[in-house]
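We count residues from 1, following the sequence as given.
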Amino acid sequence: MTLAFRTAAPANLVQMLNWAAAEGWNPGLDDAAAFHAADPQGFFLAERDGAAVAAISVVNHSDSFAFLGLYLCQPEWRGQGIGYALWTHALAHAGTRTVGLDGVAAQQANYAKSGFVLTGATLRLEGDLAPRAAPDIRAATPEDSARLLALDSAANGVERPRFLSAWTASGPQRRTVVLGSSQGPVGFATARLCRAGCKIGPIVAPDSEAALALARAALHAIGGSRAIIDVPEDNAALASALRKQGFAETFATARMYRGAPPQTGPALQAIATMELG
C-alpha cells in the first residue's frame, strides 16, 4: 500500500469538517469557505492507495504567523505513523513562521516534541443565552472592514486579513455585528450556525459586559439561542459572566506555540474557532 500527501481541494474541506464533527468539534456549517480563503494552499490530506485517511491545516495568516488545526486521522488508521508523517509534511508549509495550535490537552507531550510550548488553555463554554438587540450594536457592513481588521489585529497580536474578510462576511448561516461609538466600531462578534447550536467568535470588545451584549446581539441576528463560546482561560471576567448565565464548560484545549507567541490584547474576549484559532 502506498502513502501520499497532497494539498486538499475545496471539495475536500467538507469531508474534513465532517471528520471534525464526528470527533465532537461541531464546526460552523459554512466555516469551510472561510478556512480556505485564509490560505488555499494550507490544507493537506494523507491518502492510502488514493483514499483520504488523515487531514490537517497549517494556515499562513501573515509572513510571520501560521495556525495549525483540523488535525484528524480516521480511527482505523491511527497508531501507524500516518498522522505524524502528515503533521511533519504540513508544518513545512509554515516555514520559519510562528505556529499556534489549540490541541487536545492529552497530546501536549507529543506537540512539545515538535517544539510547541504551552502558553495557556482555551475553554469551550456552552449554554442558553437570551438573544437581544441593542441600540448601539448593528449589523456589520463592508465599510467596517478596515476597522474590524484593526480591532482583530490589536486583540490577537497578528494580522489575518484574508481570514477575517471571509469570516465576518454575513450569509444565511453567519452574522457579524459591531458595537458602535462616536469614534466608530469598538468591538464585534461573529455568530455561525452549527450542527447543534450556534458558535460565537471571535468576540472583540472593551470588557466582558460589552462582550456579553455582542453575544446576545449576534444570537438575535442569526436567530439562535444555544450559544457556544471559546474563551481564553485568562479571560476570567467573561467566563464568570457566562457561568452566571448558566453556561458550562464542555471542552478545553491546550494553546501552544512553536516560536514567539503573539501578544494578545485585553479586547480578545473569545477566539474565532478552536479549529483554526
Side-chain angles (χ1 to χ4, degrees), residues 3-10 12-13 15-17 19-20 23 25 27 31-47 52-73 81-105 107-122 149 152-167 201-202 230 232 253-265 268 271-277:
L3 179 65
F5 307 122
R6 69 172 175 86
T7 301
N12 299 126
L13 300 186
Q15 179 184 39
M16 293 167 72
L17 291 180
W19 288 357
E23 294 294 327
W25 294 3
D31 282 357
F35 287 177
H36 194 256
D39 180 2
Q41 303 303 310
F43 299 81
F44 304 90
L45 290 173
E47 294 181 333
V53 298
I56 195 171
S57 65
V58 177
V59 169
N60 293 337
H61 286 292
S62 71
D63 291 340
S64 60
F65 184 76
F67 205 89
L68 184 154
L70 292 176
Y71 184 37
L72 302 153
C73 186
I82 294 172
Y84 182 70
L86 179 62
W87 164 284
T88 302
H89 172 81
L91 271 176
H93 178 65
T96 60
R97 294 171 176 84
T98 289
V99 183
L101 63 81
D102 269 309
V104 178
Q107 295 297 321
Q108 287 181 46
N110 287 330
Y111 302 146
K113 293 175 183 177
S114 295
F116 285 85
V117 177
L118 181 68
T119 62
T122 304
L149 177 59
D152 186 74
S153 299
N156 287 282
V158 61
E159 288 195 358
R160 45 184 190 171
R162 298 183 303 275
F163 170 74
L164 195 72
S165 177
W167 194 258
D230 296 335
T253 57
R255 175 56 69 99
M256 305 180 76
Y257 291 97
R258 188 185 74 175
Q263 298 301 305
T264 59
L268 181 60
I271 67 169
T273 165
M274 286 181 175
E275 289 83 5
L276 199 62

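The two atoms that bring N60 and A94 nearest to each other are OD1-CA, 3.5 Å, heavy atoms only. Closest approach of V58 to D39, counting heavy atoms only: O-OD2, 3.8 Å. Closest heavy-atom contact between A32 and L13: O-CD1, 3.5 Å. Between T7 and P40, the shortest heavy-atom contact is CG2-O, 4.0 Å.
Note that the CE atom of M16 and the NE2 atom of H36 stand 9.5 Å from one another [nearest 0.5 Å]. Within the model, atoms CD of E23 and CG of L70 stand 11.5 Å from one another, a figure rounded to the nearest 0.5 Å.
Side chain of Y111 to backbone of L118: no donor-acceptor contact under 3.5 angstrom is found. Under a 3.5 Å cut-off, the side chain of T122 and the backbone N or O of T253 do not form any donor-acceptor pair. No donor-acceptor pair closer than 3.5 Å links the side chain of W19 to the backbone N or O of A54.
Ring geometry, F35 versus F43: the interplanar angle falls under 30°, so the pair is classed parallel (tilted spans 30 to 60°). Under the 30°/60° scheme for interplanar angles, the aromatic rings of H89 and F44 are found to stand perpendicular. Using the six-membered ring where Trp is involved, F67 and F65 have ring planes that are tilted, between 30° and 60° apart.
The closest side-chain heavy-atom distance from I271 to R255 is below 4.5 Å. Here the side chains of N110 and Y84 are not in contact, with every heavy-atom distance at 4.5 Å or above.
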